[in-house]
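Just below is one structure, and these are the notes that go with it.
Numbers for residues simply follow the sequence, beginning at 1.
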Amino acid sequence: MRTKDLLAVLATGLWRWDNASGRVTLDAEAARLLGLPAEPVEVTEAAVRSRFHPVDFAEINGVVQLAVSEGTLAEARLRIVDERGEVLRTVRSRSRPQIVDGGFELVGTLQEVPEPQPGTSAARTPVTGDWRRSREAFLLDAGRALAEARSTAEVLRVAAGLSMPGFMPDALAVFGISVIGHHGQLPDDELPFSEMMLETDYPAAEVVRTGRAIYLPTPQDYQRRYPTTWPLAAHFDHRSWAYLPLVNAGRTIGAWKAGFAQPVAFTPDERSVLTTVARMLAQALARAGVQESQHELAVGLQRSMMPTVQPDIPGMAVAARYVPTGGGLEVGGDWYDMIPLPSGRIALVIGDVQGHDVRAAGLMGQLRIALRAYASEGHHPDAVLSRASRFLAGINETEFRGHGEDQRFATCLYVEVDPATGLLDVARAGHPDPAIRMADGTVMLRPTSGGLPLGIDPDGDYPTTRIVLEPGETMLVCTDGLIETGGHDLETGWGRLRDVFEAHRAGTDEGVVESLERLADGLVQAVHGPSSHHTTGPLVDRREDDIALLLLSREGASCGLDAGDRLTQRPGRRTVFSVAQAEPERIAAARRQMRDVLHDWRDPDQVDSAVLLVSEIVTNVLMHTDGDALLVAEVSGERGTRRLRVDVADGSDELPHRRRPGELASSGRGLVLLELLAGAWGVDPRGDGKSTWFELYEDAGTLAEPSGPASSGPEESVTEPAA
């Protein structure tokens with residue numbers, strides 16, 4: 001009997017679908033099954049599509065694509081409908097697709113099959129749509145979970161937890177050059193497969209070599225096809241295996257094995273699910289690999305660019321943090337450094353190069369090296385910044401303009417530290433001022449002289465400000481990312497940090513270094529919330545700008561009082577502030593310093609008096625002497641009965657004298673104000689100059705009798721301070 005006659009007896013038709021030309025050839029039986037006249041015919045793809053149920057035609061496209069990728073048969077159930085869309089019959093299609101230029105060619109059979117009945121295994125076929133809906137819901141959930149996985153370990157965890165519709169692997173493994181990860185086996189079960197060569201007669205190795213999936217429905221299939229490696233797989237007690245290629249961007253990057261404790265027939269629908277999961281898994285693994293590589297590169301760059309600070313400086317402790325912005329390689333333009341100097345002192349440097357890109361990171365590395373070189377040569381802080389500014393201006397001239405890009409600048413704060421005395425020489429280039437936390441927990445911004453950011457003016461000047469870090473005090477220097485992140489400006493940002501800074505207390509069994517490290521964590525978390533990981537400190541998840549910070553603490557008086565003591569007694573606080581002849585605008589900063597020193601003073605009127613008296617005395621020094629004014633303010637005693645003493649020293653030995661200014665006089669009232677507002681005051685000779693001082697008492701009932709200066713000497717001429 002001829003094949004044609006045999007197929008007719010079996011009610012089986014032949015068809016050929018040329019996807020490239022869009023033509024379908026049917027024999028007489030195939031035409032009849034599709035509801036066409038029972039005669040051989042060649043029709044368009046659209047004509048055939050109109051005979052299939054729309055859902056089933058969409059399904060067969062996926063089945064064909066799966067068969068093309070695997071080189072297997074394409075099998076599907078298809079409902080045939082008439083012109084009104086009513087189902088005439090259900091046919092089963094079996095065909096073998098072949099790749100041709102511009103598409104594929106499908107050659108196979110069509111055979112009528114009974115309608116599936118509810119409750120039978122056929123209820124899982126694409127005809128009913130029940131299993132399809134479960135599959136689509138599963139794939140959506142799997143895609144979302146894999147897309148959110150950020151590391152290889154997390155991708156494997158997600159893959160191990162996938163609940164496939166109708167069948168569920170009880171063991172998974174991912175192969176690359178070696179076993180990348182596995183689930184459902186004991187920890188050492190991967191050892192026989194770890195050193196397996198690619199030429200080995202093993203399913204995963206063959207999948208990687210060929211890029212085609214392998215399905216082994218029974219142990220007999222496994223043993224027959226891979227007798228050499230069957231003993232390795234036999235003891236896992238699986239009944240079926242699926243090995244699928246992990247393909248990303250057209251390249252096979254590994255293989256995925258799914259082992260089943262129950263027999264699985266691997267129908268086209270089941271193979272389609274496994275193939276789709278394998279594709280999503282490959283993409284997730286590739287994406288995680290790129291992210292891990294970028295993170296490793298970022299960590300390497302951070303370690304090379306961010307030095308490890310020396311926490312065990314004699315008499316001092318240092319802590320540092322660098323938190324990159326959230327995008328790209330997580331390396332930006334912020335940096336810090338700690339430099340041993342030839343004099344035996346140390347230099348602390350913190351800076352911020354404009355921008356958050358790779359160029360900013362590279363420029364930061366160059367500038368950091370230059371600053372380290374200039375400092376190591378023994379230059380003073382002002383000279384170090386001047387040379388660094390010329391260096392950056394030279395880079396802007398030769399590199400950025402040559403590439404048609406905007407010039408970059410950098411802010412910087414350079415602090416030369418004498419650990420023995422606590423003396424700090426500060427030079428500032430457009431950077432935020434340092435903040436000092438006193439021994440009693442009071443936090444004050446310390447205004448310092450400064451110049452333009454580095455790289456703007458090659459001939460710029462960077463004056464130096466001298467600060468004394470008293471025992472028990474801590475200095476914070478940071479970039480603007482710590483201050484202004486989260487919609488804050490400079491003022492409100494400092495207010496947020498001040499609360500954390502002042503609330504910090506050392507633990508009873510905690511060393512200075514440990515306490516400082518905990519404070520650094522707290523400052524970062526105050527800006528970004530709880531941290532997830534860090535390089536030299538927390539690296540947080542919600543990041544708007546780079547952050548760099550340095551904390552320097554001088555060992556001494558402890559501020560770790562308990563809650564009851566903090567209400568009644570606080571250690572003394574002391575601040576030193578200088579106002580140069582050429583910087584009369586710093587008088588306003590001196591007034592702010594006084595308000596910060598007296599931020600918890602009981603009587604606000606006395607605070608106003610102290611601010612007015614400081615302004616009067618400092619203005620008098622600048623107007624009527626040739627030297628600078630050095631202000632020292634100290635608060636001592638117990639809460640409620642504290643004493644404020646303010647000394648303003650200058651280089652003139654001329655003592656003030658009381659005057660009687662007229663109603664229209666603009667000066668001459670300084671001593672009158674001292675007598676009226678101060679609890680006590682006086683003028684003491686000091687070397688080649690003098691010190692004008694006054695005291696205020698928190699408990700007004702204990703005011704001392706005012707004392708005046710010597711009556712001899714020229715009359716005082718005190719001008720009213722500028723508003």
Side-chain angles (χ1 to χ4, degrees), residues 19-20 60-76 95-107 139 142-143 146 152 155-156 159 162 164 169 171-182 190 193-217 221-222 224-230 232-233 238 240-260 264 266-290:
N19 173 259
I60 195 173
N61 273 306
V63 172
V64 169
Q65 294 296 335
L66 175 63
V68 168
S69 65
E70 295 180 352
T72 59
L73 287 174
E75 181 176 353
S95 55
R96 181 175 294 278
Q98 295 179 351
I99 301 297
V100 297
D101 293 339
F104 60 83
E105 183 181 77
L106 198 68
V107 179
L139 292 178
L146 289 172
T152 299
V155 169
L156 296 175
L162 296 178
M164 299 183 184
L172 301 172
V174 175
F175 299 86
I177 298 176
S178 60
V179 179
I180 297 175
H182 61 89
E190 78 278 4
F193 308 94
S194 297
E195 305 299 329
M196 190 172 288
M197 304 296 292
L198 195 59
E199 296 79 13
T200 305
D201 186 28
Y202 180 66
E206 182 176 335
V207 167
V208 174
R209 290 196 307 266
T210 64
R212 290 187 173 183
I214 295 174
Y215 299 100
L216 303 171
D221 291 327
Y222 198 125
R224 175 178 54 81
R225 293 186 60 179
Y226 302 98
T228 304
T229 55
W230 165 246
L232 296 176
H238 295 153
S240 299
W241 298 259
Y243 292 85
L244 297 103
L246 299 174
V247 181
N248 182 65
R251 185 172 64 91
T252 301
I253 62 174
W256 174 43
K257 183 208 82 172
F260 300 86
V264 178
F266 297 118
T267 65
D269 289 320
E270 292 167 340
R271 296 204 310 272
S272 177
V273 169
L274 291 170
T275 301
T276 304
V277 172
R279 290 173 180 169
M280 292 190 298
L281 182 59
Q283 294 174 359
L285 287 171
R287 184 172 58 250
V290 170

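Here the shortest heavy-atom pairing between G254 and V208 reads C-CG2, 3.9 Å. N248 and A282 get closest at one heavy-atom pair: CB-O, 4.3 Å. Here the shortest heavy-atom pairing between P217 and Y215 reads CD-O, 3.5 Å.
Using cut-offs of 30° and 60° on the angle between ring planes, the pair W230 and W241 is perpendicular. Using a 30° and 60° split on the angle between ring planes, Y243 and Y202 fall in the perpendicular class, above 60°.
Scanning for salt bridge (Lys or Arg N to Asp or Glu O under 4.0 Å) contacts around R225 gives an empty result, with sequence neighbours left out. Listed by chain and number, the residues in a side chain to side chain contact (heavy atoms under 4.5 Å, CB included) with P245 are V207, A213, V247, T252 (sequence neighbours excluded). Under the side-chain hydrogen bond (donor to acceptor under 3.5 Å, both in side chains) criterion, T275 pairs with E70, sequence neighbours left out.
Taking CG from L274 and CG from L281, the interatomic distance works out to 11.5 Å, rounded to the nearest 0.5 Å. With values rounded to the nearest 0.5 angstrom, R279 atom CZ is found 14.5 Å from L146 atom CG. A distance of 11.5 Å separates CZ of F266 from CD1 of I214, quoted to the nearest 0.5 Å. Atom CG of L246 is separated from atom CH2 of W256 by 8.5 Å, given to the nearest 0.5 angstrom. Rounded to the nearest 0.5 angstrom, R287 CZ and Q283 CD are separated by 7.0 Å.
Within the 3.5 Å criterion, the main-chain N or O of P268 finds no donor-acceptor partner in the side chain of S272. E206 places no side-chain N or O within donor-acceptor distance of the main-chain N or O of P203, the cut-off being under 3.5 Å.
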